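Below is one structure, written out as structure tokens, with a few remarks after it.
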Amino acid sequence: MLPAPTEAPARVIVLNYDPAAEGLLSALHRLNDGPRLDLLCVGAAAPAEIEPHLAGRATYLQGAIDRGLEHYTALLADRAAVTAARAVIVLPRHAGGEVDANSRLICAAIRRACGALKGPAVVVAIEDPEASFEFAGLGVTTIFYPGFLRAALFAHACVDLAVFRFILGLLHGRVRVLTIPVPAHLRAATFRAATLALEEAPDGEPLTLIGVFDGAGAGAGLRLNPGPGYSLAEVACLLALTTAELTDVA
């Protein structure tokens with residue numbers, strides 16, 4: 001839930017930040033309505049290396065668990081004001097030795113910095129899913145790992161034949177993605193109307209709309225599943241799945 005305009009901005013801290021996670025900052029601002037987000041990034045690199053990438057979207061504080069648990073705990077408590085944060089995101093740091101061990105120490109430092117206070121919600125990205133139980137006693141709210149989405153899709157495929165066929169098609173190159181122009185009669189319609197009206201590709205193969213491409217303005221870009229009520233008025237083209245040509249399959 002977003003804070004009311006009269007409330008203080010929602011404070012979110014991203015630990016182990018580096019420019020590779022730049023997309024995360026944009027997503028956080030979209031989710032929290034931009035100006036009402038107080039975003040702090042903490043990382044091992046020097047401020048001169050990181051601040052140009054932040055472009056005013058967040059403040060930056062240099063610090064790493066490498067200097068010791070006590071030092072990092074003090075940094076979180078005093079300079080990062082972790083107890084005032086609504087959430088803390090712990091990203092994996094691949095340059096700091098064993099990734100999950102590094103994240104466990106950081107979670108321990110967060111817990112120490114909060115003391116008897118409840119503290120913020122803590123989200124951790126881990127490398128080994130079997131290590132998730134080791135974070136249970138460290139006040140971690142949510143744990144995820146990079147393979148989670150892939151694992152979830154395959155688990156779902158086990159009980160849903162249509163999903164299984166779709167995933168198998170992608171893996172074997174039997175499904176392709178294509179862009180198609182918005183038909184004139186659908187220009188004033190919604191994404192839902194387009195999904196109902198467009199059932200065949202130009203070559204006659206079955207067609208499934210999965211998104212749109214907005215080609216103009218500040219919001220230009222690809223949108224997957226934009227929602228049934230999304231207007232096609234400013235859409236440059238539609239994104240769809242169809243069966244691949246047999247000659248395309250190795």
Side-chain angles (χ1 to χ4, degrees), residues 1-7 9-12 14 21-39 55-58 86-87 89 121 123 125 141-142 144 146 148-171 174-244:
M1 181 177 178
L2 295 176
T6 55
E7 295 179 0
R11 183 169 179 77
V12 176
V14 180
E22 192 171 354
L24 174 64
L25 305 189
S26 298
L28 287 170
H29 276 286
R30 286 196 301 270
L31 180 65
N32 290 279
D33 200 21
R36 286 152 59 193
L37 176 67
D38 174 18
L39 186 57
R57 293 173 298 172
R86 176 172 297 186
I89 300 172
V123 179
T141 305
T142 306
F144 70 96
F148 176 79
L149 179 58
R150 181 178 61 229
L153 282 172
F154 276 97
H156 192 60
C158 292
V159 296
D160 191 318
L161 183 58
V163 174
F164 174 74
R165 286 174 174 167
F166 168 67
I167 294 175
L168 197 62
L170 287 176
L171 291 176
R174 296 176 184 144
V175 177
R176 60 190 172 100
V177 179
L178 74 159
T179 58
I180 57 176
V182 180
H185 69 282
L186 292 175
R187 180 56 71 181
T190 63
F191 184 70
R192 180 180 185 276
T195 61
L196 296 175
L198 302 176
E199 297 182 348
E200 288 187 356
D203 59 5
E205 292 293 329
L207 187 78
T208 301
L209 292 187
I210 60 172
V212 301
F213 185 81
D214 291 328
L222 181 66
R223 295 176 186 267
L224 295 178
N225 189 22
Y230 194 82
S231 172
L232 302 182
E234 303 298 328
V235 168
C237 60
L238 300 168
L239 193 69
L241 286 176
T242 188
T243 306

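What you see is a predicted model; the values in this text were computed from it and never measured. What you see below is based on every heavy atom in this structure, not just the backbone, and it leaves out hydrogens, waters and symmetry mates.
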Inset, instruction - Kindly write out the residues that satisfy side-chain contact (heavy atoms from CB on, under 4.5 Å) with A193, not counting sequence neighbours, or none if the list is empty. - result: A189, T190
Inset, instruction - Start with the C-alpha distance between F191 and V235, add both sets of side-chain angles, then the distance that settles side-chain contact (heavy atoms from CB on, under 4.5 Å), and finish with yes or no. - result: CA-CA 10 Å; F191 184 70; V235 168; over 6 Å; no
Inset, instruction - Please report the closest heavy-atom contact between G211 and P226, naming both atoms and the distance. - result: CA-CD, 4.0 Å
Legend entry - Where V12 and I89 come nearest, the two heavy atoms and their spacing: CG1-CD1, 4.3 Å
Inset, instruction - May I have the step-by-step check of side-chain contact (heavy atoms from CB on, under 4.5 Å) for Y230 and R223, ending in yes or no? - result: CA-CA 10 Å; Y230 194 82; R223 295 176 186 267; 3.0 Å; yes
Inset, instruction - Using side chain to side chain donor-acceptor pair (under 3.5 Å) as the criterion, list what pairs up with R57, not counting sequence neighbours. - result: E22, S26
Inset, instruction - Kindly check if the number of other-residue, nucleotide or ligand heavy atoms within 6.0 Å of CZ (R192) is above 12? - result: no
Inset, instruction - Please report the C-alpha distance between V14 and L28 in whole Å, then the side-chain angles of each, then the deciding distance to 0.1 Å, and finally whether the side-chain contact (heavy atoms from CB on, under 4.5 Å) criterion is met. - result: CA-CA 10 Å; V14 180; L28 287 170; 4.2 Å; yes
Inset, instruction - Quick one: list whatever passes side-chain contact (heavy atoms from CB on, under 4.5 Å) with I180, sequence neighbours left out. - result: L178, L198, L207, L209, L238
Inset, instruction - Verify, without hydrogens or angle tests, whether R187 (side chain) and L232 (backbone) share a donor-acceptor contact under 3.5 angstrom. - result: yes
Inset, instruction - Would you please name every residue forming a side-chain contact (heavy atoms from CB on, under 4.5 Å) with T179, sequence neighbours left out? - result: C237, L239
Inset, instruction - Determine the minimum heavy-atom distance between L39 and L25, stating which atoms define it. - result: CD2-CD2, 3.5 Å
